[in-house]
Amino acid sequence: MNEPSRRIPYRTWPGALAVMLAIAAYVGGLTLWDRHTPGNRPLPPGETVEAGQARFVPAEGWEMDVSRSRAGQSLMLFKGGHKFLVSTFPWAGGPDGPLVRQQRLMERGQRLQVDGDVSDFITSWGLQGKTFAYYGSKLAGRFWQVVDVRRKSLVQIDFWGSDDGMDEALQEARSMLDSMDLEAPQ
């Protein structure tokens with residue numbers, strides 16, 4: 001009878017170890033990079049920032065949330081537990097359509113309550129649009145919308161945060177809105 005052939009043993013652990021070290025270096029490197037890359041960026045006082053065609057001067061102490069801002073589309077600022085988001089979109093249709101959709105999203109999707117009626121606003125620079133306040137169990141906020149018919153664009157400004165320090169933060173948000181114009185180069 002023939003004996004089964006003997007297989008020559010070979011070592012697999014060096015290759016497996018190399019693969020495990022490569023994975024550990026990759027994941028560890030990404031983790032290290034994430035920890036050392038700031039998610040926020042302090043803004044110099046008095047310097048104008050842009051989000052699409054909207055530009056404004058941030059209030060002192062507000063920082064940019066880099067991870068939630070998109071170049072040319074949106075800019076998220078925060079200070080403590082309060083956030084200020086400026087978003088620009090192409091405009092299509094009437095000026096009330098996006099506002100109604102935003103209210104519906106807040107009421108149905110986020111379970112927030114719209115406080116009072118939608119009202120008109122105008123800033124000292126002549127920027128005008130519509131605004132409303134909203135609240136929930138853990139936060140409150142104000143939403144502003146500006147439609148630039150000439151450029152066919154829509155700018156939405158959303159401010160929200162906890163009740164802690166809300167009056168001061170809302171005053172700073174209004175000062176940022178008051179400094180806003182829609183003349184940034186495209």
Side-chain angles (χ1 to χ4, degrees), residues 40-66 68-107 110 112-136 139-163 165-186:
N40 58 333
R41 190 179 91 199
L43 299 169
E47 188 174 304
T48 303
V49 295
E50 296 177 2
Q53 78 273 10
R55 64 182 175 190
F56 63 98
V57 178
E60 189 173 333
W62 286 77
E63 296 182 16
M64 182 171 107
D65 186 342
V66 176
R68 298 193 60 197
S69 299
R70 286 185 234 138
Q73 295 177 354
S74 65
L75 181 67
M76 168 77 82
L77 303 181
F78 71 95
K79 181 178 181 182
H82 299 96
K83 302 206 177 347
F84 185 82
L85 174 65
V86 178
S87 304
T88 59
F89 305 99
W91 175 69
D96 294 334
L99 190 70
V100 171
R101 281 192 298 278
Q102 189 66 35
Q103 282 181 310
R104 204 173 311 135
L105 173 71
M106 288 178 172
E107 290 175 338
Q110 299 171 349
L112 299 170
Q113 301 294 320
V114 172
D115 190 20
D117 295 329
V118 174
S119 60
D120 294 329
F121 76 91
I122 187 164
T123 67
S124 59
W125 284 95
L127 192 65
Q128 59 186 4
K130 298 189 180 277
T131 183
F132 64 87
Y134 61 90
Y135 64 93
L139 62 87
R142 179 156 285 279
F143 185 83
W144 295 275
Q145 175 178 287
V146 177
V147 174
D148 187 351
V149 178
R150 187 173 47 92
R151 291 187 179 193
K152 296 191 177 189
S153 66
L154 168 70
V155 178
Q156 294 180 332
I157 303 102
D158 194 3
F159 164 77
W160 73 93
S162 62
D163 291 335
M166 177 58 91
D167 292 337
E168 180 184 339
L170 181 58
Q171 188 176 21
E172 290 175 350
R174 284 191 171 134
S175 75
M176 288 190 279
L177 176 70
D178 200 43
S179 72
M180 188 176 290
D181 67 46
L182 302 182
E183 299 298 325
Q186 290 290 315

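Side chains included, hydrogens not; waters and symmetry mates left out as well; all remaining heavy atoms used. We count residues from 1, following the sequence as given.
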### Task
Take L177 and T123 through the side chain to side chain contact (heavy atoms under 4.5 Å, CB included) test and state the conclusion after the steps.
CA-CA 8 Å; L177 176 70; T123 67; 4.2 Å; yes
### Query
What residues, two or more places apart in sequence or in another chain, satisfy ring-ring contact (aromatic ring centres under 6.0 Å, His included) together with F132?
F143
### Query
Is I122 close to L127 at the side-chain level, that is, under 4.5 Å between some pair of heavy atoms?
no
### Query
With sequence neighbours left out, what residues match K79 under side-chain contact (heavy atoms from CB on, under 4.5 Å)?
W62, E168, E172
### Message
Can you confirm whether Q113 sits close enough to E107 that some side-chain heavy atom of one is under 4.5 Å from a side-chain heavy atom of the other?
### Response
no
## Note on the structure
NE2 (H82) and OG (S162) are apart, to the nearest 0.5 Å, by 4.5 Å
### Query
Of all residues at least two apart in sequence or in a different chain, which pass the side-chain contact (heavy atoms from CB on, under 4.5 Å) check with D115?
A133, Y135
### Query
Is there a side-chain contact between F78 and E63, using heavy atoms and a 4.5 Å cut-off?
yes
### Message
Among residues at least two apart in sequence or on other chains, which ones pass side-chain contact (heavy atoms from CB on, under 4.5 Å) with L112?
### Response
M106, Q110, Y134, L139
### Message
On a heavy-atom basis, which atom in M180 and which in A54 lie closest, and how many Å separate them?
### Response
SD-CB, 4.2 Å
### Task
Flag the pair L85 / L75 as yes when at least one side-chain heavy-atom distance between them is below 4.5 Å, and no otherwise.
no
### Task
State which residues pass side-chain hydrogen bond (donor to acceptor under 3.5 Å, both in side chains) with D120; sequence neighbours excluded, sorted by chain then number.
K130
### Query
Does T131 have any side-chain contact (heavy atoms from CB on, under 4.5 Å) partners at least two apart in sequence or in another chain, and if so, which?
S119, F121, R142, W144
### Heavy-atom check, side chain of M176 versus side chain of D178, under 4.5 Å
no
### Message
Using side-chain heavy atoms (C-beta onward) and a distance below 4.5 Å, is Q145 in contact with V155?
### Response
no
### Query
Which pair of heavy atoms, one from Q156 and one from P98, lies closest together, and at what distance?
NE2-CB, 3.8 Å
### Query
How many angstroms lie between OG in S74 and CZ in R68, if you round to the nearest 0.5 Å?
9.0 Å
### Query
Does the side chain of T88 reach to within under 4.5 Å of the side chain of Q53, using non-hydrogen atoms?
yes
### Task
Please report the shortest heavy-atom distance between M166 and F159, naming the atom on each side.
SD-CE2, 3.4 Å
### Summary
Nearest heavy-atom contact between V146 and Q128 is CG1-O, 3.6 Å
### Task
For side chain to side chain contact (heavy atoms under 4.5 Å, CB included), just list the numbers for V86 and F56, CA-CA rounded to whole Å, side-chain angles, deciding distance to a tenth of an Å, and then say yes or no.
CA-CA 10 Å; V86 178; F56 63 98; 3.7 Å; yes
### Task
Verify side chain to side chain contact (heavy atoms under 4.5 Å, CB included) between L77 and D65, making sure each step is shown before the conclusion.
CA-CA 6 Å; L77 303 181; D65 186 342; over 6 Å; no
### Message
Check whether S179 reaches the backbone of V57 with its side chain - one donor and one acceptor, N or O, closer than 3.5 Å.
### Response
yes
### Query
Taking all atoms of both residues into account, what is the closest heavy-atom pair of A59 and S175, and its distance?
CB-OG, 4.3 Å
